[in-house]
Amino acid sequence: MLGAPPVWRELLLVVLFYSAYTLTRLILVQDGTGPAFEHADQILRLERALGLDIELHLNEALLTMPWLARTANVFYATMHFIVTLGVIVWLYRYRPDHYRWLRTSIMVATGAALIGFWLYPLAPPRFLEHEGFVDPVTALHSLGLYASDASGTLTNQYAAMPSMHAGWALWCGVVLVKLASQAWAKVLGALYPGTTVVVILATANHYVLDAVAGISLVGGALWLSWALYERCPPPLLIARARVSHLLAQRGARRAGAPAPAAPAPRCASRT
């Protein structure tokens, strides 16, 4: 079985993906925000036609309970990063045999989502005051992801389609339900995606359809990554072995060590 790759390589991937996300934000700002609001109107019209427009009802219900709204604001601002990063570190440390295919799945989904942010910018419901939506962060002067102008300018606020809050939550839930040994961790893993979806809708940060898109994207990426790593098609095995060997050779040259022999192609795992 293949273990987890070197830490430095994983950190480099994080930097590259963060840079790509920042680039999509800059491109969107240059193009203006008009298309994002046009797309928001399209999403609302489609949801109403399908009978899926529950966001406003959840938003209104949440605001009747200020303490719960403040809790939801903090949840939205923090758990998306804390839980995902925590699960990745736990996976790397305690389930290395599963790390590669699960890491690949979330990277593929996030990469595809970046393309979606670029091609289909979408204004979140909290920007649609004329539709009756209220941003609980500003209404309650609460801690939140966009509580200050500075935080808002550092983030792409029009990257609502697909919802990676929903997608990443599904990924974390799958990892915990599949690999956690404690029953309480499995229960939390099962509850976390649903809780996240309710929060992102009630706080007027996402729509039902972009939550569905994020979940579908991550679900598809999980299946694809599992199939590629577990089924091990021969052409993929050969290409992956060659890439790994080239990376190992470069690392050895930098360290002044003898170049490693080319490994025989094999499956990542058979669980």
Side-chain angles (χ1 to χ4, degrees), residues 21 24-25 28-29 31-64 68-69 71-81 84 109-110 112-140 142 144-147 151-152 155-173 192-221:
Y21 182 86
T24 61
R25 171 188 167 271
L28 178 60
V29 170
D31 292 342
T33 59
F37 285 93
E38 293 175 5
H39 295 155
D41 291 337
Q42 293 174 2
I43 292 294
L44 282 179
R45 285 198 301 269
L46 180 57
E47 286 191 353
R48 287 164 181 164
L50 298 174
L52 299 176
D53 56 324
I54 62 173
E55 301 93 340
L56 183 58
H57 302 296
L58 291 174
N59 184 230
E60 292 173 342
L62 181 65
L63 289 168
T64 63
L68 185 58
T71 302
N73 290 337
V74 174
F75 184 100
Y76 181 82
T78 60
M79 301 304 284
H80 177 55
F81 303 102
T84 305
T110 303
L114 291 173
I115 298 174
F117 299 159
W118 179 23
L119 297 179
Y120 198 83
L122 180 62
R126 59 191 171 82
F127 285 170
L128 308 181
E129 296 180 1
H130 61 283
E131 295 286 351
F133 290 101
V134 176
D135 184 353
V137 172
T138 57
L140 301 173
S142 167
L145 186 57
Y146 311 111
S151 62
T155 307
N156 182 357
Q157 298 191 63
Y158 299 94
M161 173 65 81
S163 169
M164 283 294 96
H165 269 78
W168 287 9
L170 173 67
W171 185 86
C172 292
Y192 179 60
T195 302
T196 298
V197 170
V198 173
V199 167
I200 66 177
L201 297 180
T203 55
N205 281 290
H206 286 279
Y207 305 88
V208 171
L209 288 180
D210 59 65
V212 171
I215 289 171
S216 300
L217 180 61
V218 170

Grab the two heavy atoms, one from [X] and one from [Y], that are nearest each other, plus how far apart they are.
X: Pro193; Y: Ala169; result: CG-O, 3.4 Å
X: Asn205; Y: Arg126; result: OD1-NE, 2.8 Å
X: Tyr158; Y: Ala123; result: CD2-CA, 3.8 Å
X: Ile215; Y: Leu170; result: O-CD2, 3.5 Å
X: Leu217; Y: Ala112; result: CD1-CB, 3.8 Å
X: Pro162; Y: Phe117; result: O-CE2, 3.2 Å

Taking [X] for its side chain and [Y] for its backbone only, find out whether a donor-acceptor pair lies under 3.5 Å.
X: Thr64; Y: Ala61; result: yes
X: Glu47; Y: Tyr207; result: no
X: Asn59; Y: Thr203; result: no
X: Glu55; Y: Val208; result: yes

> Should Leu128 and Leu44 count as side-chain neighbours, where that means a heavy-atom distance under 4.5 Å?
Replying inline: yes
> Any side-chain heavy-atom pair from Phe75 and Thr196 closer than 4.5 angstrom?
Replying inline: yes
> About how many Å separate CG of Leu63 and CG of Leu68, when rounded to the nearest 0.5 Å?
Replying inline: 10.0 Å
>> Could you measure the distance from the CZ atom of Phe81 to the CH2 atom of Trp168? Nearest 0.5 Å is fine.
In response: 6.5 Å
> Just one of His39, Met161, His165, Met164 clears the side-chain contact (heavy atoms from CB on, under 4.5 Å) bar with Asp210, so which one?
Replying inline: Met161
> Passes side chain to side chain contact (heavy atoms under 4.5 Å, CB included), Asp41 versus Arg45? Steps please.
Replying inline: CA-CA 6 Å; Asp41 291 337; Arg45 285 198 301 269; 3.7 Å; yes
>> Could you check whether atom CD of Glu60 has more than 12 heavy atoms from other residues, nucleotides or ligands sitting under 6.0 Å from it?
In response: yes
